[in-house]
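Here the structure is laid out as structure tokens; the discussion comes afterwards.
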Amino acid sequence: MWRRRARPNLPCAEAETSCHKALVANEPMDRKNLHIKVLGLLESCRSGGRDFVASAEADLLRLGEDAGSVLAAALHHANATVRCNALWGLDVTWQSVREAAVPAMIQALDDADPGVRRNAAGKLGDIVWRQQSAWWERQVGFGEWVKESAQRAVVALMIALRDDDESMREEAASSLGGINCWSKDAVPSLIESLRDRSNTVVQVACWALTQIGNWTWAVEQSAAPVKKIIPPLIELLQHEDGSVRKQAIWSFQEFRELAHDAVPALVDVLRHGQDSDLRAEVCRALADIGATAGGVLQAIVPALVEAGETDPSESVQTSAILALDKARPRGRGLSLPSVRRSDLAIVPRKQRRRGLKREDAEALKSLLAFLNACVNWPGDVVSQRELRKSPLLKEERKRLGLPEKISAGTVHNHLKTLARLCKVERIWDPEPKNQFSTFRAGVKERLLQRRPYIEEEIAIEEEKAGLQAYPERLGPTPPEPDAIA
Amino acid sequence: MSEEPTRRSIMFPEMRKIFREIDWDTVALPSDCVTLGQLRHAIGGNHKDLGVFVHNLTLTEQEVARFALSEALRAPFDQDAALVPRVLKEESAKELASLYQEAGLATGPQHASQLIRDLESWAATEARKHVPDKPR
């Protein structure tokens, strides 16, 4: 899937080390000299390393608000590299330059050099995005100008979508997708770009439309832009280029329930498409659409069942089965009449064998019997089997009114619970080369400490169930709090 | 948390009274909104399992709520005493989470945890009614 690439925020060329050193060595200097130095830096950016970039950034930031005028002037420099570096400088100093940055960059969109134009289109998106983020997070006291700048940038980028240079169009579409919260008005222009002669531009425009559609739906709760976007994206499923078709499928997957109109077209690709990768992608998209839009399951489920059973590619079959599992109305009951259980038979649901859960008091008594058996165990060496079969445990269970037999699973669970109550990983350590284990130090004492609390829980539980409250262990019923008072 | 032998919770007589007074029929629980359709889906068509599933769901839910309340009542006085209901609650909560998901009450583990946290907050509120001036 096409995604916006993170651009390194560096000057477009590197600096000559000797020139750079000469410039940097000039400190301290007054404001006028600093201006000269910055212009010099912009001119000298041909070769240099990270140190140079850091120092150039520092110099630009020292200029503060003045950086705007210096860099705007540099945008008219005869050398295209200097103009490119001035764009980089604006990007670095966006916080101090404030509203001057966007108009300067918009101006650079008309530059004679395609490289500068391309750079300006990319940086414009970045800077608007940063400004809006800072505005939202209230990091800086930006005013209404952020909105105005963004709107102006969107208009300029919409015009840039018609540039002759393919890379420029790509950057412009990418920037519009990046600043999706402002780009709602650019939807018609981006839809036009879906007919671009460059497949890359089409892919980027498709991505940008998805970003804008998702934003308007998620934040503004408006499905209107998506309604406009879906039909041209459906047409893209017939595009000659496989990457473009895949990008469109990904867009439907992102739109989820909003893409229900695309289901017939997607099902058609699943049934008649030649590319197995695309068919697998369609399965995933249908899963996401079906999981959120129950109304289209009637169309989705039979297609996925068919693909799961008869598709020539095994990977598509697997994708279809997984998709079917995801799309079916789990947790919403079978209230949708369109879904028949026989349709879902391809992924038979693993049914748990259910047993009647024991009442709380009974389960707690079982735990208490186990605890008592551990506490009264003669010696420190024990094995799980030995304990389970021991007369001590049987007697204890009988005394508490429980059946004498206990399953290995219950023993295992009780051991885990007791270990947690003692705040240890396990209550006994296995002996090396031996089937027996040894009680951990202090475990029996801790178990003894916990016993009264378990007994209290049993008493409360029995009382809740209307039984006599475990009198033989608790002794006489304590007086009521009122009586204590 | 100290490992020293602790005195028995002074709250116990009062706790018994509190538990006796709780009317479980009026406690709002997540399973209040479960429908027969959801239950039918949960049991996967085997109608004999319906009663068992409902029994397990309601019992486990009440068990978690009860242990949570027990923990909330004990915790201000004795952390060691609160450990027992806490461990028992956590054991039951695992089972309850899977039951919530099977019943369609929760869309996933996170949602199930949220529902269980609701039970815990009910318990904390209930406990606060009885021990208002104790640190929590």
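Naming convention: chains lettered A, B, ... in sequence-line order (proteins, then strands); numbering from 1 in each chain. Just so you know, these numbers use all the heavy atoms, side chains as well, and skip hydrogens, waters and symmetry mates.
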Could you tell me which portion of A/L448 (side chain, backbone, both or neither) has an atom closer than 4.5 angstrom to a non-hydrogen atom of chain B?
neither
At a heavy-atom distance under 4.5 Å, which candidate from B/T60, B/L88, B/L59 has the highest pair count against chain A?
B/L59
Taking the side chain as C-beta and beyond, is there a heavy-atom pair between A/E456 and B/V84 under 4.5 Å?
no
Heavy atoms from other residues, nucleotides or ligands near NE2 of A/H412 exceed 12 (cutoff 6.0 Å)
no
Just how far is it from atom [atom1] of [X] to atom [atom2] of [Y], taken to the nearest 0.5 Å?
| X | Y | atom1 | atom2 | result |
| --- | --- | --- | --- | --- |
| A/R420 | B/E90 | CZ | CD | 4.5 Å |
| A/E461 | B/E63 | CD | CD | 7.0 Å |
| A/E457 | B/R74 | CD | CZ | 4.5 Å |

